[in-house]
Amino acid sequence: APEHLSEQITNSHNITFAGDTRVVAGYKPGMLLLKSGDGLSTVQGKTIKWCAGKLDRIGLFENNDLPGLMGPRGLYRLVAKQQMDINNREVVVCGHGRDFWISAFLLNAKGANVTAVLDVDDKDLIETATASGITVTTGTMPVGAHSNNGTLSAIKLEDTSYKCELCIIT
């Protein structure tokens, strides 16, 4: 029962609750840089399990946990807020809707080579995106991902694959 688990966590000497703490960055292998009301600190662990995506669902497909696959909020944080350099990197955006277009145009504005795989027809924005230099195709959502040394190297759709270092799924 959830109440029993909560009690076990509260009574554990191996777990520290840090509700006002945010992870700022991966500092070294196995180490995170943290920021709280008390300032900056680090935490070391044998392994780090990164769980994100409360609002973004990547989908169920082979290798959906590879580094380089993310939802739009992860992209916004890395590119817009933390200024990750994506100039000339191959990026695929899959999906539809507002976050699909915001992601595609943000990546394009930051210099990425963007392939946008739209799973619905949206003629007006397709023309605008194409005029901006974004390659737009229609297709399906991902059915798999390929890796090279443990990171994303391509996203696989039902009928084709696209080489990429990042894939944003909306």
Side-chain angles (χ1 to χ4, degrees), residues 1-116 141-142 144-156 162-170:
E3 305 83 36
H4 182 67
L5 180 60
S6 174
E7 183 179 316
Q8 284 181 320
I9 291 171
T10 302
N11 294 331
S12 173
H13 299 290
N14 298 321
I15 299 173
T16 301
F17 178 75
D20 69 337
T21 304
R22 292 183 177 251
V23 175
V24 176
Y27 184 60
K28 294 178 181 175
M31 186 179 284
L32 297 174
L33 179 62
L34 308 175
K35 181 179 181 183
S36 69
D38 297 331
L40 294 175
S41 61
T42 59
V43 64
Q44 179 87 37
K46 289 181 184 177
T47 60
I48 295 176
K49 302 291 185 188
W50 188 262
C51 301
K54 178 180 175 187
L55 299 174
D56 297 330
R57 298 194 190 327
I58 300 299
L60 297 175
F61 55 86
E62 183 182 356
N63 290 329
N64 69 346
D65 61 346
L66 287 174
L69 285 166
M70 67 182 71
R73 269 144 284 286
L75 170 73
Y76 304 155
R77 181 169 197 79
L78 286 175
V79 174
K81 194 169 184 178
Q82 295 178 356
Q83 298 298 307
M84 178 178 157
D85 182 14
I86 56 166
N87 194 40
N88 292 319
R89 293 178 73 180
E90 298 297 325
V91 183
V92 174
V93 180
C94 297
H96 63 272
R98 182 187 68 192
D99 283 325
F100 173 87
W101 292 112
I102 291 172
S103 297
F105 283 108
L106 172 62
L107 289 160
N108 186 60
K110 292 289 192 171
N113 300 318
V114 181
T115 299
M141 291 302 281
H146 299 286
S147 70
N148 183 14
N149 295 325
T151 61
L152 182 67
S153 63
I155 192 74
K156 182 180 181 208
Y162 294 98
K163 289 184 178 182
C164 59
E165 298 173 57
L166 292 174
C167 181
I168 315 308
I169 301 175
T170 65

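The residues of the chain are indexed from 1 along the displayed sequence.
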Between atom CG of Leu66 and atom OG of Ser147, what is the distance when rounded to the nearest 0.5 Å?
-> 5.0 Å
Is there side-chain contact between Leu34 and Ser36, with at least one heavy-atom pair below 4.5 Å?
-> no
Output for pair (Lys163 NZ, Asn113 CG), nearest 0.5 Å, gives 13.5 Å
Under a 4.5 Å cut-off applied to non-hydrogen side-chain atoms, are Leu69 and Asn63 in contact?
-> no
Taking the side chain as every heavy atom from C-beta outward, state whether Pro142 and Ile169 have any atom pair closer than 4.5 Å.
-> yes
Whether Thr170 side chain and His96 backbone form a donor-acceptor pair below 3.5 Å = yes
Which atom of Tyr162 lies closest to which atom of Val92, heavy atoms considered = CB-CG2, 3.7 Å
Taken to the nearest 0.5 Å, the spacing of Leu78 CG from Arg73 CZ works out to 13.5 Å
Side chains of Lys110 and Gln83 in contact at under 4.5 Å (non-hydrogen atoms) | yes
Which atoms form the tightest heavy-atom contact between Gly144 and Ile155, and what is the distance?
-> O-CD1, 3.5 Å
Is it true that atom NE2 of His146 has more than 12 heavy atoms of other residues, nucleotides or ligands lying nearer than 6.0 Å?
-> yes
Got a second to check how far Leu152's CG is from Asn64's CG, nearest 0.5 Å?
-> 11.5 Å
Validation row: Tyr76, Ser103 side chains within 4.5 angstrom (heavy atoms) | yes
Heavy-atom check, side chain of Arg89 versus side chain of Met84, under 4.5 Å | yes
Is the number of heavy atoms from other residues, nucleotides or ligands under 6.0 Å of Leu40 CG greater than 12?
-> yes
How many angstroms lie between atom NZ of Lys35 and atom OG of Ser41, to the nearest 0.5 angstrom?
-> 12.0 Å
Separation between CD1 of Ile86 and CG of Leu106, rounded to the nearest 0.5 Å = 6.5 Å
